[in-house]
Novice: 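Below are the C-alpha cells for one structure; questions will follow.
Protein chains get the first letters and strands the later ones, always in sequence-line order, with residue 1 at the start of each.
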Amino acid sequence: MTNASHEVAKGPHHASGAAPSALSAYSLVKRFPGVLANNSVDFDVLPGEVHTLLGENGAGKSTLAAMLCGLYQPDSGHITRNGERIALSSPRAGLQHGIAMVHQHFRLVERFTVAENVILGSRDLSYKLNRSELEDKVAAVAESYGLPIDPGATVADLSVGQRQRVEIVKALYQGAEILLLDEPTAVLVPAEVEKLFENVHAMTQAGKSIVFISHKLGEVVEISDRVTVLRNGRVTGHVSGRGTTDTKELARLMVGRDIELTTQRASHATGHEILQIRDLSLTVGGVSVLSDISFNVHAGEMVGIAGVAGNGQRELADTIAGLISPTSGSIAISGSMTTDRGPIHARELGLAYVPEDRLGMGLVPSMSILDNLLLTRDRRVVVDRTTVRPEATRLIEQFEIKANGPDHMARKLSGGNAQKVLLARELSGGRTATKLLVVCSPTRGLDVGAIETVRALLDDARSAGQAILLISEDLDEVMSLSDRIFVLYRGSVVHETPGESAELATVGAAMAGLTPEDKS
Amino acid sequence: MRSPIRIVFEQRNETAKHLSVLVPLLSVVAALVAGALFLLATGYSPIETYSNMLSDGFTSSRGMTDTLGLSTVLICTGISAAFAFQMNLYNIGGEGQLYLGMIGGAWAGLALGDQLPTFVMIPVVLLVGSLAGASWILLPAFVRSRLGTSEIVTTLLLTYIAASLVKHFVYTPGSFFVTKNSAFPQGRLVPDSASLSGIGDTSLYPTFFLVILIALALFWVVKKTEYGYRIQVISDSPRAAHYAGINANRTTMSVMLISGALSGLGGAVLIVGPFGRLDPGIILLGYGYAGIVIAALARNNFSAIIVSGILFAGLRSGGDKLQISTDTPIHIGVMLQGAILLFALGGEAFRRYHIHAVRTERATQ
C-alpha cells in the first residue's frame, strides 16, 4: 500500500515521542451495512495510563473497542502492540496479546463461584480442578490490585459492583495488560464508582493501561489522563491532562454544539394531590418487595424516586400503573381508587406510564410507530388508522423523531428515538388527558442531545400541570429535576428530602442502605 | 499465499419485498431439482414424471378441477395452522381436529338430514363440524392459557385419540355411523339434503369459494381489526400486552378455538363434498399435517395460503394420478411436499441475511 508510511507518520497523537505506546490503532475503518461506524480512527494508550474514549451512543466507541480487543476485525487500518503490528482475529487472540475487555453487560455464570468464573476459558487447567489452590491464586491476583473479593462466593449472591470486580479480576488473571472498560460506571452507585476509580489507580500504578469508555463528562474528567472524543465515527478531538479538561469543551466536541443540562424545578406553586399512595405493600413469593410506602404527588410537581436497581422501583411503578395488585394498601388517582382495577382503569383516570423497558414493554418492536401510538388508546373494533395517521405525523415532527414516517417499525428506531415515541404517546394523552405521568429511567442509554430533549419534555409536562413521578437510577437526574426526592432501599422509603436542598452524599448513603439518622 | 474464503452472514436491515416472493418460488424449484435427482437415482425419467404431474395436477381441465377440489380442505387446514402460528401457538393437531370435523359433520348429516332442507342442512353440517373441531382443541387451549402447558404436545397426542375415535365409530358393529347389516364395515352416506354436488360434474364443490372467502376474511381481520391488533401485540411481546391491559389468556383461548374450528370445517367440507360419509381412509391422507406445511410456505399470510394450498393440492393430485397412469410411486408427491418445506425453511436464511463469500484479509498490507 502506497500511503501506509504517510498514515503512520500522521499517526496517533502521542503524549511524548519517547514512550512507546502499549497499544496503537492507525486509521481504523469499520463499515456496517449502511453505517460507517469508524472512519479512519487513530488511537493509542501508554503503559500506566487511563485513556478515555468519549462519545455519544452510536459515535463508534464500542466499535473501536471491539476492534481493539479482537471482537471485530477492521476493514482497513492496523493495530500495533508495543510497536509491533498484530492481527487480532478473535477475543482470544486479543487476550494472548494481553488485551481484555470488561463488557457493560457482565458475562458471568451466576451459579458458579467467583473462582470458577475467573478460570472459565483458561486453557491450561488440569483435568481435575484443585479448588482451594485455584481460589488462593484468584484471591492473590485480586488482592495485589486492591480488589477484595471472596473467591468462594457464588456470583448470584454478589452485588453489581462486586460482579464487575469479578470481571476485572478475571481479565487480570488471564494476564491482561490493557483493560478496556465499557461504560463501567453505568451500573454503579456513587460509592462503588469511587471504589472502582481506586482500583483503576491501583492498576495503572502497576503499569496496566486502561481504556475507559464513557459518555459521562464528570467522571471522564476525574479519571482520565487523556481523552479522545468520537463523533459519527470520527475523532473530533484529543484532550490531554487530568483536571485541566473543560467539560463544556468536551461536550461540544462530543455533540457538535453547545449543550445546556440545567437544573430545573417547579417554577410555580404546585396544585392539588393527583397521586395518593397509602401504606402500599407488595409481597411476591413470600418476599417483601415494597413495604408501607405512602406519599402524594401534586399537580405541577415532579417527585423523584432514587435508588439502586432492584430495590422495588420497577414494582412500585407497575403497581401504580395497575399492572400488579398490591398485597395491601391503596392507590388513588385524582381521588378515585385504582387499586386492583387494572391498567385500563388507571389510564382512564389520566395515568400515563413510561416503563423502563422501552422495546418489549412500552413499545411493540415489530409494529410501526403508528400502531404503537394505538397501544394505550381506545381502538374500536375495526382499528381506525386513517384518522390517527395525521396525528402520528404531527407527533413525529413535534418530538423530532428521526423516522421515515408513521410506518417506521419501532425495532428500527435508535434508543433515543424509541424513547421519544414512547414519550410522545404517553404525554399526548390517550383515553383521556394525561394527569399523572410515571416515568422510569427516561434517559438511560440516551446520548447527551436526546437527554436534553427528554428532560425538557418532562419539564414542559410539569409546567403544564401534570403530576410526574420520576423513577431513575441516575442520581444526577433525580437530583437535578425533582421537587422532592424519596430514596427507595429494599422496598422501603428510607430517606426523604426536598430537591433543592438534597445533598449528594446523604442521598447516596441512603441508596446504599446506610441509615441517615445521624445526619437528619 | 491465498487467504481462505469465509461465508459471511450479514443481517439485513430491511427485507426486500421481492425476496418474500422469490424465496418460496425458488424453494419450489430447488425441491423439484432434488426430486429429479431422486427420480433419476431410482430409474424414472424426471421430465416425463413432472410433465405428467403438471398436466394431471394443473394444466388439464380435469386436473385443475381436481386440484381446486382438493385444495378446499388443504386451505382450511392451512389457515387453521396459520391462525394459531401467527400468535406463536403451535397447533399441530389440525389433523385430529379435522377428524372430529368429519365425525361432527357426519353426525349432523345423519341425525338431522331427513328433517331439514338442503339450504339449512349444509350450513348446519359445516357448523357442527367446525364446533366439533373446536371442541378437540378446547382442553389444549385451556391448559395452555391457564397453566402454560405446551400445546404442541397436547394437540399432537389428541390427534392419535381422534384417529382411534374415527376407527371406533366405523368398526364398531351397530355404530350410528355405519350401514346396518353390511358385510364390510363402512360409513353410512349422509342423505342428499346434506350433500352438495360437484360443479358441472367435477370434483370441485361450491365450498371452495366459501373457504376462499373465509381466508380473505381472516386476512382482513388480522390486518384491520382490534382483534388482529391484539394478536400481533401478544405474539410479539406479551409484556407489552400486559402493559396495555390486553387479556392474553382470553385471546390465546379464542385463537386456538378458532384454529380448531377451521380444521374442523375442513373435515365437514369432506362430508358435504367428496366423501359424504365418515371414512377411516382419511387417516392415511394427512390433510391436517399438510396444512402445517402450507401455512409455513405462505409464512402465515392468509391470502398466500390460497396459493400455496392450491400448489400443494396440485402436487398431491398430480402425484396420486402418476401411480395410475405410470408406475411411478405415489409417494413422489408427498416427497416433493417435504422437500419444498425443507427448502422454504432453509430459504429463510436468504431473506433474513445477506450472505456472501469474502476472502479473509490479514492485516492490510
Novice: Measure distances from A:Asp371 to the heavy atoms of chain B and classify the residue's part below 4.5 Å as side chain, backbone, both or neither.
Specialist: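 Both the backbone and the side chain of A:Asp371 come within 4.5 Å of chain B.
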Novice: Is it true that, when you exclude B:Tyr227 itself, more than 12 heavy atoms of the residues, nucleotides or ligands shown sit nearer than 6.0 Å to its OH?
Specialist: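 Atom OH in B:Tyr227 is crowded, with more than 12 foreign heavy atoms closer than 6.0 Å.
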Novice: Give the intermediate values and the outcome of side chain to side chain contact (heavy atoms under 4.5 Å, CB included) for residues B:Tyr229 and A:Val364.
Specialist: CA-CA 11 Å; B:Tyr229 182 93; A:Val364 184; 5.8 Å; no
Novice: Check each atom of A:Arg379 against the heavy atoms of chain B and say whether the ones under 4.5 Å are side chain, backbone, both or neither.
Specialist: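 For A:Arg379, heavy atoms of backbone and side chain both lie under 4.5 Å from chain B.
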Novice: Please name the pair of heavy atoms, one in A:Met361 and one in B:Arg239, separated by the smallest distance, quoted to 0.1 Å.
Specialist: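 In terms of heavy atoms, the two residues are closest at SD-NH2, 3.2 Å.
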Novice: Run the side chain to side chain contact (heavy atoms under 4.5 Å, CB included) check on A:Met367 and B:Asp236 step by step: do they pass?
Specialist: CA-CA 9 Å; A:Met367 281 186 166; B:Asp236 190 44; 5.9 Å; no
Novice: In Å and rounded to the nearest 0.5 Å, what is the CD1 to NE2 distance from A:Ile324 to B:His242?
Specialist: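 If we round to the nearest 0.5 Å, A:Ile324:CD1 and B:His242:NE2 are 6.5 Å apart.
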Novice: Within 45° of the axis and under 6.0 Å from the centre of the six-membered ring of B:Tyr243, does NZ or CZ of A:Arg358 qualify?
Specialist: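 No, A:Arg358 does not sit over the ring of B:Tyr243.
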Novice: Check the surroundings of atom OH in A:Tyr72: do more than 12 heavy atoms from other residues, nucleotides or ligands lie under 6.0 Å from it?
Specialist: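 Not more than 12 within 6.0 Å, no.
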Novice: With a 4.5 angstrom heavy-atom cut-off, which part of A:Leu374 approaches chain B: side chain, backbone, both or neither?
Specialist: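 For A:Leu374, the contact with chain B is made by backbone and side chain together.
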Novice: Where is the tightest heavy-atom contact between A:Gly360 and B:Ser237, given as atom of each residue plus distance?
Specialist: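 Smallest interatomic distance, heavy atoms only, reads O-CB, 3.3 Å.
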Novice: Could you have a look at A:Leu363, A:Asp384, A:Leu375 and say which one has the most heavy-atom pairs with chain B under 4.5 angstrom?
Specialist: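 Top option by heavy-atom pairs under 4.5 Å: A:Leu375.
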